[in-house]
Protein chains: 2
Amino acid sequence: MFNFDYYNPTRISFGAGKIQDLDKLVPQDAKVLVLLGGSSARKTGTLDEVKRALGQRESLEFSGIEPNPSYETLMQAVALVKAQQIDFLLAVGGGSVIDGTKFVAAAAMFDGEPWDILLNWGANVTQAMPFGSVLTLPATGSEMNNASVVTHKALKAKLPFRNDLVYPQFSILDPTKTFTLPERQVANGVVDAFVHITEQYLTYPVNAAVQDRFAEGLLQTLIELGPQVLRNPGDYDIRANLMWVATTALNGTLGTGVPHDWATHMIGHELTALYDIDHARTLALVLPALLTVTQAKKREKLLQYASRVWHITDGSDDDKIAAAIDNTRNFFEAMGIATHLSAYNLGAEAVDAVIAQLQAHGMVALGEHQDVDLAMSRDILTLAL
Amino acid sequence: MFNFDYYNPTRISFGAGKIQDLDKLVPQDAKVLVLLGGSSARKTGTLDEVKRALGQRESLEFSGIEPNPSYETLMQAVALVKAQQIDFLLAVGGGSVIDGTKFVAAAAMFDGEPWDILLNWGANVTQAMPFGSVLTLPATGSEMNNASVVTHKALKAKLPFRNDLVYPQFSILDPTKTFTLPERQVANGVVDAFVHITEQYLTYPVNAAVQDRFAEGLLQTLIELGPQVLRNPGDYDIRANLMWVATTALNGTLGTGVPHDWATHMIGHELTALYDIDHARTLALVLPALLTVTQAKKREKLLQYASRVWHITDGSDDDKIAAAIDNTRNFFEAMGIATHLSAYNLGAEAVDAVIAQLQAHGMVALGEHQDVDLAMSRDILTLAL
């Protein structure tokens, strides 16, 4: 196991009815900006529930944070925070709203041009506003980590940043708030969590028994419950388990002391930035191809994955790895998510375009060995055609 | 899954050489009391390493915290804290030293007789001194939770308390510090962690998929690595994994949103208080008997345990449960830990004595159903003869 530092101070309030905890979690004298995505929180009544729980606190709303939160939109929220002297942010939505709120929290107190935060991966953040979240879409894990991804529309750039100052002070996870999600978002959430886990697990062995067993347990849970949630969207226990899987997948539990990959994410981000494909769908496009192309260096973990997660016992080691990758692809497809670029009417021109973007953003040495260069990324994308 | 609140702000520095992190983790102007158990930290050089890392900070030492930390000893430390105007505590040792430090942290700022903290399970703690820990014996999980157990020698009472104010600010986990542990303590640590997991797992199903998979993963890791550490005491990776299992077993990860048992611990505490048997050994004495006596109400989880942890597939359900309990007992015995009272030269008189103590301490409705009354505790102890 690698040496590691672990720290995660986010409070979690989990369960039906937990939005009422806002009254004890948000400072009594706070002036709150509630940040929202589209209109769903308003339509479903979640916003009303939030406002009731906030009671007498002064609050404003900022709506319109996009599925891939944009710098352009978020800077409007920053302007509102400054103009209205807001002192507490409350994200109500999914990972995009929470990611966006993290950027607003940092940008509102940043000295200089806030896009520099992304260009420095967050290392230049020295203060941030306090904020919490009410999660309505389990997927990204943003509700319990210190990471955020922001898209600069004008630059067609989607970049991540992280900093301990942007851990949410609290996150409220009420599984009943996920009942009304469109099936597309539910499926996206399952695949997003799945790939968060593989990014931290399918690398090379470092004798990290706990992290491996935990990753395998979460993957098995997604494989078991993913198809079930599509058939039984109103089942509380399925929703609750998927919600807690998604949070646990990216709150540090799996990622301490082990190598990380993240090449699938970095390549996927460019597909979203260029073609506006849902984040999770870009991951489903890239991962099976990436595992195929990089299987020689991931061999031991792929065999462990084949055995412990998919219970594959037949055939040669090569057969087992191929079967595990096939099962992964079939699982995504069974969730209704395409795994080939052709399904998005994209061809070889998209490969060229993504490679150009990766080059422009310095993404030329990805993966746990920093050996996923532009040539290998091209192989991966070509295999995903 | 039950509704739950989760919060764990303890920072973890994990790995070889991490004691040097003390310099950034302890406030520069702190006046530190280093709390120690016996002489091992001094003999092994760990104390010297700690003092070097503390650099110019003023520090004192308090030695002699016992394996079951006593109120009597800890109150001497409280007196020293007050007399010397100490403002930061640093536990260097195992769970007993850390548990003791938690009590000192709370007692030093407690208005009244500090034993009342135990009589109120910690609910009356309203402030506590800041403290960190350097863990040298992986077992109890105290390094990353808010719980402590203290023994009042004069009263022959061993009682727990918990409060969010006694989370360590940080804990440093350097697996190389465990190389010099006596085999007895290593085995105790493995069994202690094992039973911490079963207390949170072997109850009744509430559809908590993540917590179940995580518990099963940790149990499998202990079963795999426990015997290995006795054969290869100098293997860093085995030590590192066992250390992280023990911390993760009791830091909230497994225990959120699920029923808890803890009857084995409560009965075991009385055995320690009366006969000074090592904590872990009392757990090994009680657990197999408790699972046998309570198997009807634990049936579903025992079958899941038999299947997922022990991979038992043959026989009737009753056979599988019996085999899983046998395997558990055999695992403890293979770690060199006896599972019968007779091995400690105790007979029926001990059963009477423990029952009297349980009654005196109000431990008359234990377990996840609060149905382990004195009669059932007597059955359990009788089966453990």
Side-chain angles (χ1 to χ4, degrees), chain A residues 1-18 21 25 144 164 167 170-175 205-222 224-225 235-249 251-253 256-257 308, chain B residues 1-18 21 25 144 164 167 170-175 205-222 224-225 235-249 251-253 256-257 308:
Chain A
M1 201 187 318
F2 296 163
N3 283 6
F4 66 81
D5 296 312
Y6 176 87
Y7 171 62
N8 192 326
T10 300
R11 284 179 190 272
I12 299 293
S13 290
F14 190 100
K18 280 290 196 176
D21 284 4
L25 293 167
M144 199 181 177
D164 276 0
Y167 276 108
F170 63 82
S171 286
I172 296 175
L173 281 61
D174 178 346
V206 294
N207 237 319
V210 173
Q211 296 89 324
D212 279 2
R213 290 284 185 190
F214 281 7
E216 292 152 2
L218 294 186
L219 291 170
Q220 287 174 282
T221 304
L222 288 173
E224 181 186 344
L225 299 184
D235 184 305
Y236 179 85
D237 280 327
I238 295 173
R239 295 289 191 168
N241 281 313
L242 288 176
M243 199 166 206
W244 194 227
V245 167
T247 299
T248 312
N251 71 355
T253 305
T256 54
R308 291 190 185 176
Chain B
M1 202 187 316
F2 296 163
N3 283 5
F4 66 81
D5 296 313
Y6 176 87
Y7 170 64
N8 192 325
T10 300
R11 285 179 190 272
I12 298 293
S13 289
F14 189 102
K18 280 290 194 173
D21 284 2
L25 292 168
M144 198 180 178
D164 275 1
Y167 276 108
F170 63 81
S171 286
I172 296 176
L173 281 62
D174 177 345
V206 294
N207 238 318
V210 173
Q211 295 89 326
D212 279 1
R213 290 284 184 192
F214 282 7
E216 291 151 4
L218 294 186
L219 291 171
Q220 287 174 282
T221 304
L222 289 173
E224 182 185 342
L225 299 183
D235 184 304
Y236 179 85
D237 280 326
I238 294 172
R239 295 288 190 167
N241 282 313
L242 288 177
M243 199 166 207
W244 194 227
V245 167
T247 299
T248 311
N251 70 356
T253 304
T256 54
R308 292 190 184 174

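Chain naming here is simple, since letters A, B, ... match the order of the sequence lines and numbering starts at 1 in each.
Most heavy-atom pairs under 4.5 Å with chain B, from the set A:Gln220, A:Gln211, A:Met144: that is A:Gln220. Between chain A and the residues B:Asp212, B:Thr256, B:Leu218, the most heavy-atom pairs under 4.5 angstrom are made by B:Leu218. Each of A:Pro9, A:Gly17, A:Ala16, A:Gly257 has some count of heavy-atom pairs under 4.5 Å with chain B, and the biggest count is that of A:Ala16. Between chain A and the options B:Tyr7, B:Tyr6, B:Phe214, the largest number of non-hydrogen pairs under 4.5 Å is found for B:Phe214.
A donor-acceptor pair under 3.5 Å links the side-chain atoms of B:Asp237 to the main chain of A:Met1, judged by distance alone. The backbone N or O of A:Asn251 lies less than 3.5 Å from a partner atom in the side chain of A:Asn8, making a donor-acceptor pair. Using a distance-only test at 3.5 Å, with no hydrogens or angles considered, no donor-acceptor pair links the side chain of A:Asn241 to the main chain of A:Thr221.
Ion pairing between a basic and an acidic side chain is recognised when a charged N comes within 4.0 Å of a carboxylate O; B:Lys18 and A:Asp5 show such pairing.
In this structure, the portion of B:Asp21 lying under 4.5 Å from any heavy atom of chain A is its side chain and not its backbone. With a 4.5 Å cut-off on non-hydrogen atoms, B:Tyr236 touches chain A through its side chain but not through its backbone. Proximity to chain A (any heavy atom under 4.5 Å) is restricted, for B:Thr248, to the side chain, taken from C-beta onward. Only the side chain of B:Asp164 comes within contact range of chain A, judged by heavy atoms closer than 4.5 Å.
Looking only at side-chain heavy atoms (C-beta outward), B:Arg213 and B:Arg308 come within less than 4.5 Å of each other. Taking the side chain as every heavy atom from C-beta outward, A:Met243 and A:Pro175 approach each other to under 4.5 Å.
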